[in-house]
There are 4 protein chains.
Amino acid sequence: MRETGCIHNNRPGVMSTQPRQRRHRDESQRHLVDATISAIYKHGFHEATAQRIAEEAGLSAGNIHYHFGSKEELFAAAMRQLMSDISDTLVYELGKADTPLARAHAIIHANLSEPLYTHRNCFVWLQFWSETARSEELARLERINAQRFHRNLLDALSKLLDRPDAEKIVQELVAMVDGLWIRKAQHNEAVTPEAARAIVFAYLERRLGPAAGQGS
Amino acid sequence: MRETGCIHNNRPGVMSTQPRQRRHRDESQRHLVDATISAIYKHGFHEATAQRIAEEAGLSAGNIHYHFGSKEELFAAAMRQLMSDISDTLVYELGKADTPLARAHAIIHANLSEPLYTHRNCFVWLQFWSETARSEELARLERINAQRFHRNLLDALSKLLDRPDAEKIVQELVAMVDGLWIRKAQHNEAVTPEAARAIVFAYLERRLGPAAGQGS
Amino acid sequence: MRETGCIHNNRPGVMSTQPRQRRHRDESQRHLVDATISAIYKHGFHEATAQRIAEEAGLSAGNIHYHFGSKEELFAAAMRQLMSDISDTLVYELGKADTPLARAHAIIHANLSEPLYTHRNCFVWLQFWSETARSEELARLERINAQRFHRNLLDALSKLLDRPDAEKIVQELVAMVDGLWIRKAQHNEAVTPEAARAIVFAYLERRLGPAAGQGS
Amino acid sequence: MRETGCIHNNRPGVMSTQPRQRRHRDESQRHLVDATISAIYKHGFHEATAQRIAEEAGLSAGNIHYHFGSKEELFAAAMRQLMSDISDTLVYELGKADTPLARAHAIIHANLSEPLYTHRNCFVWLQFWSETARSEELARLERINAQRFHRNLLDALSKLLDRPDAEKIVQELVAMVDGLWIRKAQHNEAVTPEAARAIVFAYLERRLGPAAGQGS
DNA sequence: AATGAATGAGAATTCATTCAT
DNA sequence: AATGAATGAATTCTCATTCAT
């Protein structure tokens, strides 16, 4: 069926001497992915048409299919980009944390501070959330992301509490953070990153207080 | 332009003496609204086409415009329907509660029990959430619903705590409930109504514990 | 996926009192089928775009998908139409023939006289021939048509000759008729119906001569 | 406009002293022509896209325009290639024939034996047949080929019969051979080269028998 | 009140072609 | 000589909407 020119972006690890065209290709692909996120933010998922995305990227619509094979693939690439951003931020924040509690704090902090906890990011993520019903690939990515968040928190908290308690707290925290992302997506001005963090941290302290107190 | 057909459903208070056609009309409209929710649940918001909705309702596509003027209006009617369901359930649950704490419990219980806390309901609601960006009317309805939830909880809790504390707890609760709705929408089997309520009630007790304990 | 309005033309046998809309539908469908054949004749198979076909039919392009679900289905319907024309002509000609030889003559005559043996018909048929490679459905129809032609001729000739001889003659006749259709499709003026029939009849007489002579 | 690259393949008579690049060029062109035929055989005329042809040739799509100026020109080159194959085979077979009858046999034999009478060849040729409607150049080539076949046969047979008879027989033979090519293209397994030749030779003998007998 | 044939704007996608490298 | 990124026109198809019946 489809046999377009370039589809896979099999970029090698380091290639300083890569030819000019290769650089062009990677740049265009990155532009398209960024433009996709912008277009979703500006217009919502379904108004983010190929035309608009391409325009936003300063390219013509044909490139979407040249580089990604289909619009669907481009959306998946955009979601992966967001996940990669989340991951980078998380790794950075975790790098500064050296105790289990600090790690739990870091994870929550990363998810409720800029650059992740912005209207743009929460809004676009909500759009993807609602599209996981249609796209198995998007659903798969969402699951990966959710599991990573869950596992990271659990790793940290299970050093402070016994497993069932930790599990329970994690569920509460995840629910709160998800809820705060939705709220940000919907009513940006209603909740600042500081307020969001204050809510969750206050909760966490109260929640850990007695339990953690016993642990110390 | 032309303004044939019925568009506003100005149903009169008294229903018994309405003519035959009026009954037909109301019935078709209800069918269409129900069919809209079903179609969104089956196919997602954007795959819920006029054709499919009409088919689900056992009518033809033309009726949507005859009865609602536009697909957009029908979606708004469907969202109002969901809100009305929520309201009915809430009123019923609140009717059984006679203390502030019981009222807070009732509100949360209503939002995290059947018939509201079902996959269908949470899923459809998530779809609407993501569409508020496109439609000012849907956004308005969402705001009304959010405010009602917030106000109800605040009314109850402000009888138990001072205002700033109550405000804070309400925000935490709202975030948790929203997060649990999303989770239900996304991974139905991952959270039962009982588990969801357990999470929030445990949190609420712990949160109120010292404060409420002092109050009692 | 697809769930367009009307797709099957389940017209009942006789329905004199059919509603106006039903008549409209059938008429539009017939127009579209005719327009398809015209467009193929005018522009060739692949230049017969939905746009052009609809224009030829005096309708808008959306109707193709409303009535037939896809362009591919419309093409199949057009091929069935051609086959039905062939069948009608054949039945009519066979109705006048009462001996096996007359039946054989009738079959060939039908295939090499107007209205079947026209530039338009041969040309369009050649277009379909070359498309059977792409479309399993068109291939199926072509097979049905080829088999019908083969069987009819064989039925007639096997009354005059023993089976192997009849089989052989039929193959020769089929090859000649197909070849004459191609020639007509390609160089209309190079061969008149009369000339085509003369070629095949002369061949048939010479071929049957001795064998049939023995039979008489 | 611009007229870069090589478009005409004005290959000189002497080849031995051509520079390296010239050899590269000729090789690429031959690859492309072969790839075109392969692609048509694999996918049909209209699915034989520039992309696919280039891929089949182990080159990139740009080369088609560099070497041939347009896809249309490449198709014409491919058709010329097929005609050249036919011509080569015919010349070879005619070289072994020394009587008029032998020459007639040789012509038919060449057209109904490998390597010409293969599924691939007949199929691709049918594809070109159906495209002559669109392309004046392809039509011109087809005419040349048809006339050559006709003339060759007529030259041979007019030595055995008077002109009108010869003319008639040639038309019958051409029709049969064309018909047998179509049959091969459509239902490869339905007719072997031997069977095809048997049909036409049996016909020719019977046809020439009395006439040739009278003539001798 | 309801139907369903028809429309037309806009969606994704395909593909020959161009051209800088 | 060859590449492959980019283009833009054309194509099929979708769908809310209109409107005669």
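Below, read A as the first sequence line, B as the second, and so on, with proteins coming before strands; counting in each chain starts at 1. Everything quoted here is computed from the prediction, not taken from an experiment.
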Looking only at side-chain N and O atoms, does A:S28 come under 4.0 Å of OP1 or OP2 in F:dA6?
yes

N/O (side chain, B:N63) to phosphate O (OP1/OP2, E:dT3) under 4.0 Å:
yes

Locate the shortest heavy-atom distance separating C:A54 from C:S60; write the atom from each residue and the value.
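C:A54 and C:S60 have their closest heavy atoms at CB-C, 3.6 Å.
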
Which listed nucleotide ([options]) is nearest to the side chain of [X]?
X	options	value
D:S60	F:dG8, E:dA2, F:dT3	F:dT3
C:H24	F:dA2, E:dT3, E:dA5	E:dA5
C:H65	F:dC13, E:dT3, F:dT17	F:dC13
D:K71	E:dT17, F:dT17, F:dT12	E:dT17
D:A61	E:dA12, E:dT7, E:dT17	E:dT17
B:L59	F:dA6, E:dA2, E:dT17	E:dA2

Considering heavy-atom distances to DNA chain E, does A:A50 or C:G62 have its closest nucleotide positioned more toward the 5' end?
C:G62

Between A:Q51 and D:E72, who's closer to the 5' end of DNA chain E by nearest nucleotide?
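Of the two residues, A:Q51 wins.
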
If one requires at least 3 consecutive Watson-Crick or G-U pairs with distances under 3.5 Å, the stems of DNA chain E turn out to be E:2-21 with F:2-21

Hey, is D:E55 close enough to D:R52 for a salt bridge, meaning N to O under 4.0 Å?
no

Salt-bridge test for B:R30 and B:E27: reply yes if a basic N is under 4.0 Å from a carboxylate O, no otherwise.
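Not counted as a salt bridge, because no side-chain N and carboxylate O are separated by less than 4.0 Å.
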
Nearest 0.5 Å please: distance from the OG1 atom of C:T36 over to the CG atom of C:L74.
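C:T36 atom OG1 to C:L74 atom CG measures 3.5 Å (nearest 0.5 Å).
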
Under 4.0 Å, heavy atoms only, any strand: does D:T49 hit a base, just the sugar-phosphate, or nothing?
sugar-phosphate

Trace of the salt bridge (charged side-chain N to carboxylate O under 4.0 Å, His left out) decision for C:E47 with C:K42:
CA-CA 9 Å; C:E47 315 299 318; C:K42 273 193 194 167; over 6 Å; no

